[in-house]
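First listed ligand is number 1; within each ligand, the first listed atom is number 1.
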Amino acid sequence: MKRGHGIGFGKAILFNEHFVVYGIPSIVSAIGQHTVAKVEPYDKPGFTLLDKRPATPKYKEDKLEQQKDSFSLMFKKMGLDLSKNGVSITLDGNLYAASGIGASAASCVAVARALAEYYEMSLSDEQINEIAYEGEKGYHGTPSGVDNTASTYGGLIWFQKGDANVIDRITLANPVEIVIGNTGKVTDTKAAVDGVRQRKEQNPKKYQEVFDRAENIAYLAKRAFADRSYTDIGKLMNENHKLLQQIEVSSRELDFLVSIAREAGALGAKLTGGGLGGNMIALTPGKDVQNKVATAIEKEGFQTVKTIIGASREDVEY
Ligand code: MEV
């Protein structure tokens, strides 16, 4: 039977979510979890979906309409006509479908790859990334492209949106342990991005100052990665979280998880992704610190994922 399959990485933004929408540089990493998509024939027009991903309660229901829009945008971008022969799409893999860790981007990339294989289109990573970017519009409206870029290429990436996006690899000698803490709240990235835009328009001076500091932090973090100074990276993540609080995308639960992670020994912790709920990320080099931080968060009744930054395709079995 004709079949296609593909993967997309989950991601964690280490620096400058939201600021990235306005062309401020960001640092993003693929994590050790990924989504797998399978495409098979369907005996009706259109598509049918079986979503077997593990998920935060309500995530799949809340995102269903956006997910359908996203698929349609990708079919269109790929020039696929499903009016006679449809496709059956199955989503699976070990990436939690939750807000903030690239669940939508990972599924777009996985589906784009699976469709390309199914229709025997030989596409480069660059083309897959462009299709996934189109798919991301179904979820976010005007995404920066940071999430789909990490989900496509893997590894650790310096990303800056522009007429031509800057996508540079940051080399890590070895993947580094992190803990992701889930507030359990499903959030709408589009609403979070719209909120920042409105407040920025209302307070241009205050926002400009915060944005300038965010830009500075990105360059300092790049240097800290080059020096492999995880202590500095952690401090800069803490600084970055403060800026995200100032643009009002953090939440009580996120701030709580961030403080627990720091008290338990994380070098730094911040919200990751759209914010207002969703997930936080803590930098925890070494298994001991990673376990301590994860246990402290779990004791408070929140779910964690112990994973790595800098995951590459060689780290994935599917
Ligand atoms: C969402 O993961 C990241 C945001 O910066 C939105 C975007 O970049 O498109 C909040």
Side-chain angles (χ1 to χ4, degrees), residues 8-31 33 35 56 59 62-63 66-67 69-70 73 95-109 129-130 132-153 156-162 165-167 178 180-183 185-200 207 210-211 214-215 217-218 221 237 240-241 243-251 254 270-281 305 309:
F9 288 101
K11 68 96 207 338
I13 298 183
L14 292 164
F15 292 98
N16 285 347
E17 45 276 274
H18 286 288
F19 303 108
V20 67
V21 172
Y22 299 85
I24 305 282
S26 62
I27 297 179
V28 63
S29 181
I31 57 172
Q33 281 70 27
T35 293
T56 294
Y59 179 93
D62 280 12
K63 303 279 173 181
Q66 295 184 349
Q67 190 177 35
D69 290 347
S70 159
L73 287 166
L95 177 69
Y96 237 82
S99 300
I101 54 172
S104 63
S107 76
C108 289
V109 170
N129 197 24
E130 278 169 18
Y133 176 69
E134 208 55 32
E136 277 280 88
K137 290 183 186 167
Y139 293 94
H140 295 212
T142 52
S144 66
V146 65
D147 293 4
N148 48 280
T149 298
S151 292
T152 301
Y153 295 103
L156 183 63
I157 292 173
W158 170 271
F159 177 90
Q160 187 169 15
K161 182 183 152 185
N165 294 338
V166 177
I167 302 172
I178 58 165
I180 290 175
N182 191 352
T183 65
K185 267 197 174 170
V186 178
T187 55
D188 184 2
T189 308
K190 187 175 177 323
V193 170
D194 287 349
V196 173
R197 178 162 294 131
Q198 277 168 22
R199 290 187 293 277
K200 188 172 183 295
Y207 270 62
V210 180
F211 274 55
E215 180 163 20
I217 283 181
M237 286 170 70
N240 207 208
H241 185 70
L243 301 183
L244 291 160
Q245 285 174 319
Q246 285 167 16
I247 62 168
E248 296 179 45
V249 289
S250 193
S251 70
L254 282 166
K270 62 181 275 293
L271 72 85
T272 190
L276 302 179
N279 279 272
M280 59 73 75
I281 171 184
V305 177
I309 51 170

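Between Leu254 atom CG and Thr272 atom OG1 the span is 10.0 Å, to the nearest 0.5 Å. Here the OG1 atom belonging to Thr149 is positioned 13.5 Å from the CZ atom belonging to Phe9, to the nearest 0.5 angstrom. Taking CG from Asp62 and CG from Asp188, the interatomic distance works out to 9.0 Å, rounded to the nearest 0.5 Å.
Ranking protein heavy atoms by distance to atom 4 (C) of ligand 1, first place goes to His18 N, 3.9 Å. For atom 3 (C) of ligand 1, the nearest protein heavy atom (residue, atom name, distance) is Ile13 CD1, 3.7 Å. At the top of the distance list for atom 1 (C) of ligand 1, counting protein heavy atoms only, stands Asp147 OD2, 3.5 Å. Among all protein heavy atoms, the one lying closest to atom 7 (C) of ligand 1 is Ser144 OG, 3.4 Å.
The pair Glu17-Lys11 does not meet the salt-bridge criterion, since no charged nitrogen lies less than 4.0 angstrom from a carboxylate oxygen.
Note on ligand 1: Lys161 sits outside its first shell, no heavy atom being nearer than 4.0 Å.
Contacts of His140 with ligand 1, taken as heavy-atom pairs under 4.0 Å, involve the side chain alone.
Atom NZ of Lys190 has 12 or fewer neighbouring heavy atoms from other residues, nucleotides or ligands inside a 6.0 Å radius.
Proximity of a side-chain donor or acceptor of Asn279 to a complementary backbone N or O of Ser99 within less than 3.5 Å is detected.
Which parts of ligand 1 touch Val20 is read off a 4.0 Å heavy-atom cut-off, strictly below it: atoms 5 (O), 8 (O). Here is the list of ligand 1 atoms found below 4.0 Å of a heavy atom in Val146: 8 (O). Interface of Gly273 with ligand 1, defined as ligand atoms under 4.0 Å from a residue heavy atom, comprises 2 (O). Those atoms of ligand 1 with a heavy atom of Pro143 less than 4.0 angstrom away are 9 (O). Every atom of ligand 1 is numbered from 1 in the order shown, and the set under 4.0 Å from a heavy atom of Lys11 is 2 (O).
A donor-acceptor pair shorter than 3.5 Å can be found between the side chains of Thr56 and Asn182.
Partners of Leu243 by side-chain contact (heavy atoms from CB on, under 4.5 Å), not counting sequence neighbours, listed by chain and number: Phe19, Val210, Arg213, Ala214, Ile217, Asn240, Gln246.
Considering backbone and side-chain atoms together, Glu17 places no N or O closer than 3.5 Å to any N or O of ligand 1.
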